[in-house]
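Counting starts at 1 for both ligands and their atoms, in listed order. These figures come from a predicted structure and were not determined experimentally. Count residues from 1 along the sequence.
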Amino acid sequence: MTGRWVLGIESTAHTLSFGLVDQNGKPKPSVSKIIRPTTGGIHPREAADHHVEQSSEIFSRILHENNLVPNDIGIVAYSQGPGMGACLRTGAAAGRAISSHLNVPLIGVNHCVAHIEIGREQCGCDDPILLYVSGGNTQVIARLDGRYRVLGETLDIGIGNMLDKFARKHGIPFPGGPVIEKKALEWITENPDSTLEGLELPYAVHGMDLAFSGIMSAANKLVSDGKPFEAVCWSLQEHAFAACVEVAERALAHTGKTEIVLGGGVACNERMRNMSSIMCQERGATSYCPPKMYCIDNGTMIARLGWLETNHGRVTKLTQSAIDQELRTDQTPISWA
Ligand code: ATP
Ligand code: FE2
C-alpha cells in the first residue's frame with residue numbers, strides 16, 4: 001500500500017460525498033454536495049449528472065482540507081448499493097478510476113451497514129439495535145449470527161420521503177424534514193398544552209413493520225380541513241416517530257439488547273432523538289445519537305466500512321464492482337467485532 005488513508009465515496013441518491021478515515025479507522029469530516037431540485041422530487045439522471053460534474057472538485061477539496069496528496073490514499077471504498085442506479089454508477093466509476101490510477105485496492109460496501117458502523121464508531125456502543133430512519137429507508141436492524149438482520153421495516157415509503165412529500169405538497173422544497181421539525185417546534189412552543197385531539201393520524205405500526213403513506217394522506221386531509229399547518233407538522237412527527245420508536249422498543253425486548261443507535265437523515269431530528277432517549281430511559285437501555293454530519297449520507301461512513309472490510313481481508317475485483325440497486329442490509333457478511 002502506498003498511502004495510509006481510506007477514501008470513501010457516497011453517491012446513493014441526492015448526495016455526493018467524499019470522506020476519509022486514517023490507518024486506525026479514525027474519521028475525518030466529509031466534503032459533500034447535495035442536489036436540491038427546485039420543483040418535484042429527485043430525478044435520478046439529474047442527480048447523477050450533478051454527481052459527475054461535482055466529483056473532481058469534491059475530490060480535490062477533501063485532499064486539500066486534510067493536507068493530503070492522491071498518493072496518501074491506500075484504499076478506495078464506494079457505496080455499491082442500495083440506491084438509485086444512475087447515482088450509484090457515478091460513485092462506482094469514480095472509485096474504479098481513482099483506485100486504478102493509484103493502483104490501490106477497491107472495496108464496494110453496503111450503504112446501510114455503513115450507517116450502522118459509523119454510528120457504532122462515533123458513539124462507542126457495542127451491540128446496538130439500529131433505528132435507521134432516512135429518506136429512502138426505514139429499518140430496525142440488529143446484529144445476529146454474523147449479519148445485520150432487518151427485524152422491521154417500512155412496507156411502503158421511507159419516513160424521510162414521507163416528510164419530504166408532505167412538505168412538497170405544501171410548497172416546501174426538498175429536504176422538507178428540517179422545515180417540518182421547525183414548524184412542529186413552533187407549534188408546541190406556542191401551544192405547550194396542545195393535545196393530539198382532533199389531530200389524530202392512523203397507526204403506522206404493522207407487527208414489526210411500518211407504513212407511512214396512510215399517515216401522510218391523513219395529514220394532508222387535516223390541512224385541507226383547515227387545521228393549522230404547524231399543528232399538523234407536530235402531529236405528523238409525534239405519530240410517525242412514536243411508531244418507529246415502538247418498533248425499536250420491541251426489537252430491544254425481543255433480542256435482549258440494551259443499546260439503540262440512530263442513523264439516517266431523520267435521526268438529525270431533535271424530537272426523534274428525544275423520543276428514543278425517553279423510551280430507553282424507561283426500560284434501562286441507552287439511546288445513542290451520532291453527530292448530525294454522520295447521520296445524513298456521508299463519504300466518511302463509506303470509508304469507515306471500507307476500512308473494516310479490508311482489515312478483514314475483503315477487496316472488490318473490478319469484474320465484481322458492479323453496483324446493486326437492491327442490495328439488502330442482511331446480504332453483507334459481518335466478520336469484524
Ligand atoms: P438513504 O439512502 O439511506 O435512504 P437518504 O438518501 O434519504 O438516505 P439521508 O441524508 O440519510 O439521505 O436523509 C435525508 C432525509 O433526511 C430527507 O428525507 C430529509 O428530509 C430528512 N431529514 C434531514 N434532517 C431532518 C430533520 N431535522 N428532521 C426530519 N427529517 C430530516
Ligand atoms: Fe443513507
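The shortest non-hydrogen separation linking Thr255 to Ala142 is CG2-CB, 4.3 Å. Across every non-hydrogen atom of Pro290 and Leu262, the tightest pair is CD-O, 3.1 Å.
Within the sub-2.8 Å shell of the Fe ion (ligand 2), the protein contributes these N/O/S atoms: His111 NE2, His115 NE2, Asp297 OD1.
Salt bridge absent: Glu121 and Lys26 never bring a charged side-chain N and a carboxylate O closer than 4.0 Å.
Using a 4.0 Å cut-off between heavy atoms, Thr12 contacts ligand 1 through its side chain alone, with no backbone atom that close. At a 4.0 Å heavy-atom cut-off, ligand 1 touches Asp164 through the side chain alone. With a 4.0 Å heavy-atom cut-off, ligand 1 is reached by no atom of Glu270.
The Pro175 neighbourhood of ligand 1 comprises atoms 19 (C), 20 (O), with distances under 4.0 Å to a heavy atom of that residue. Numbered from 1 in the order shown, with element, the atoms of ligand 1 that lie under 4.0 Å from a heavy atom of Gly136 read 4 (O), 7 (O). Within ligand 1, counting atoms from 1 as listed, the ones closer than 4.0 Å to a heavy atom of Gly160 are 18 (O). Residue Ala13 has at least one heavy-atom neighbour below 4.0 Å for each of these atoms of ligand 1: 6 (O). Counting the atoms of ligand 1 from 1 in the order shown, those under 4.0 Å from a heavy atom of Tyr132 are 1 (P), 3 (O).
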Chi angles and distances behind the side chain to side chain contact (heavy atoms under 4.5 Å, CB included) call for Phe241, Val266
CA-CA 10 Å; Phe241 297 172; Val266 182; 3.9 Å; yes
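Considering both main-chain and side-chain atoms, Glu181 comes within under 3.5 Å of ligand 1 through a nitrogen or oxygen pair. The N/O atoms of Gly265, backbone and side chain alike, include one that comes under 3.5 Å of an N/O atom in ligand 1.
Among pairs with a residue in residues 97-148, those fulfilling ring-ring contact (aromatic ring centres under 6.0 Å, His included) read His111-His115, His115-Tyr132, at least two apart in sequence or across chains.
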